[in-house]
Amino acid sequence: MNLLTWGRLLLYFATTSGAGYVFLRLFRFPYSPLVHNWATCYMAGQLVVLILTLFTVFLSGWLLPLMWLFLGVSALVSLLPAKTADPRRGNAISSVARQAGMALLWTVGALAVFPDVAILVQQVPLYESDARSCWFFHGKALYLAGGVDPSFFTNPLYAWSLPDYPLLLPSSAAWMAFCQGGWDDYSSKAFLLLNFASYACLFYVALGEKGYPWWIRAFVVVVLLDQETYSYLSGFADNHYIMPLVLFFFLLSLPEKRRHIPLLMLLVVYAANMKNEGKMYAILICAGAAAFWFARRLAGRRAAADSGAGEAGRWERWGKPAIWGLALGALPLVLWESFKNACGIANPVGIVRKLADVDRLWRLLAERAGVVSDYMIGFYDFKGAPYVIALILLLLVWRVLLHRRQSSPALRVRPHEGAALLLFAACNVFAFLAYVVTPLDLKFHLGTSAGRVLFLPYMALLLLAVYGAEALYAHAAARFQVSGGP
């Protein structure tokens, strides 16, 4: 990549973030540092690019005109007065110039802290099988056809590329190619650097919402993102649905979760449109959230302030924007699933269909359970998970002992810790059953994908360790304040 290509990456960022800026402005979300920043605008913009790409099913070859038309509208909307203001800066999403500067700072910071990322962006082409043959192959097809071409996705000659995969990553790659005026296997994946920087920024800001000093925030961000760094820039889609889900579960630990509903919604939709596994986890999250909400309603645990005018005000402030935002976020899923059903596109592996065959499942459990479990244990051992589990247990015992002596609320086990534990268990059960019933050669399938599938439960373990350390830090800070300092 030369200087001109980096400039075209800036064009990609400006156009995508501008689309996301308008997306956020349309729903007038109340101000939140996590919702109103460049990283959220950028991720929302990728969803807008996906929606416009899917509309080319009806307007063949119109991706480029549609995108520039939308950007023209975006420029006009950005000039309109903002309804919701940042109380510190007097405008809805801070200034565009400031956010662009923050994006540049975070991108340069990511390159400085993770120098291997710079090498991957600058020197490494697409050579991983799934990246080259699935995600970016589809992106190249979108670029060459100017949108979604049914003759490509239904062509049996290309069935090996798994055409049922979601198009969030391919649509971003196609738009990157449009911005640079051509396709090549180096620069067409450069936008993944912005994805990586976005995750770092959102984790850092989320930790700031908890009041941590900058050096603690920087340390936690480096620990969480310095895991499989190569996969972020290699063209694999896995880390780009995993990190939004990890962010989602991390945001559940914030004290005022209601302020961050738009970002929680965006992260779930983003993961669902990135990969089929992300869609499955998103469905489980939505089902769990609905069950939790109904349980709270039936148990009558609402505070008195949640009734009457207060409830109506909260619905106007949070409920309606969140519902409309979720509906728009789900639109690409509906469009893509409808297109696949109409064209008869299905996943040849068909894990869900295989799980429904109970007799086959029991037979394969007897044959393959040992091999799959041995591989999973070996993966966790290689990643150092036993040490992480030991740390989690040590922190838990420490909290229990301190709580018995001092009865501190900060030391109690919180619901978000249970959510992370459920995520760890659910991911492992899903991975185990998926590889038991796979129609592919078992050792081949394990060797080529299991490490990426198990990365999410491994990150859930790291989250549990962070939560344990947070509880002890909060307890120590409270004791320090009560005692009046040293």
Please confirm whether the backbone N or O of Val49 pairs with a side-chain atom of Thr53, one donor and one acceptor, at under 3.5 Å? yes
Provide the closest heavy-atom pair for Trp38 versus Ser198 in the form atom of the first, atom of the second, distance. CZ3-OG, 3.4 Å
Check for a donor-acceptor pair, side chain of Ser449 on one end and backbone N or O of His445 on the other, with a separation under 3.5 Å. yes
Checking the side chain of Asp226 only, and the main-chain atoms of Val222 only, is there a donor and an acceptor separated by less than 3.5 Å? no
Look at the side chain of Asn37 and the backbone N and O of Leu34, then say whether any donor-acceptor pair between them is shorter than 3.5 Å. yes
Between Asn276 and Asp164, is a side-chain hydrogen bond (donor to acceptor under 3.5 Å, both in side chains) present by the stated rule, with each step listed? CA-CA 9 Å; Asn276 290 334; Asp164 72 300; 3.2 Å; yes
Please work out whether the ring planes of Trp106 and Tyr204 are parallel, tilted or perpendicular, with thresholds of 30° and 60°. perpendicular
Is there a side-chain contact (heavy atoms from CB on, under 4.5 Å) between Tyr241 and Glu277? Walk through the geometry before answering. CA-CA 8 Å; Tyr241 84 83; Glu277 290 93 328; 3.6 Å; yes
Could you list all the side-chain hydrogen bond (donor to acceptor under 3.5 Å, both in side chains) pairs where at least one residue sits in residues 390-401, not counting sequence neighbours? Arg399-Glu417
Main-chain N/O of Leu126 paired with Arg132 side-chain donor or acceptor, under 3.5 Å: no
So do Leu251 and Leu267 actually touch side chain to side chain, heavy atoms under 4.5 Å? yes
What class does the angle between the rings of Tyr380 and Phe424 fall in, given that below 30° is parallel, 30 to 60° is tilted and above 60° is perpendicular? tilted
Take Leu365 and Leu361 through the side-chain contact (heavy atoms from CB on, under 4.5 Å) test and state the conclusion after the steps. CA-CA 6 Å; Leu365 273 173; Leu361 173 61; 4.3 Å; yes
Is the backbone of Pro244 close enough, under 3.5 Å, to the side chain of Tyr270 for a donor and an acceptor to pair up by distance? no
Checking Tyr281 side chain against Leu245 main chain: does a donor-acceptor pair fall under 3.5 Å? no
4.5 Å side-chain heavy-atom contact, Phe432 and Met376: yes
According to the interplanar angle, ranging from 0 to 90°, do the rings of Phe250 and Tyr467 count as parallel (below 30°), tilted (30 to 60°) or perpendicular (above 60°)? parallel
Is there a side-chain contact between Asp130 and Thr448, using heavy atoms and a 4.5 Å cut-off? no
Between Glu337 and Lys279 (salt bridge meaning N to carboxylate O under 4.0 Å), is one present in this structure? yes
Of all heavy-atom pairs linking Leu168 and Asn273, the shortest is CB-O, 3.1 Å
I need the minimum non-hydrogen distance between Val269 and Ala330, along with the two atoms involved. CG1-N, 4.4 Å
Note: Gly208 and Arg217 closest approach over all heavy atoms is N-CD, 3.2 Å
Which word best sums up how the rings of His240 and Tyr199 line up, parallel for under 30°, tilted for 30 to 60°, or perpendicular for over 60°? tilted
Donor-acceptor pair, distance only, cut-off 3.5 Å: does the side chain of Thr16 make one with the backbone of Phe13? no
Hey, mind stepping through Tyr473 and Ile216 against side-chain contact (heavy atoms from CB on, under 4.5 Å) and telling me if it holds? CA-CA 11 Å; Tyr473 178 88; Ile216 290 182; 3.6 Å; yes
N/O donor-acceptor pair under 3.5 Å between Tyr42 side chain and Leu194 backbone: no
With a 4.5 Å heavy-atom cut-off, do Leu456 and Val453 have their side chains touching? no
Would you say the ring centroid of Phe196 lies under 6.0 angstrom from that of Phe114? yes
Does Ile377 offer a backbone N or O that forms a donor-acceptor pair with the side chain of Asp381 under 3.5 Å? no
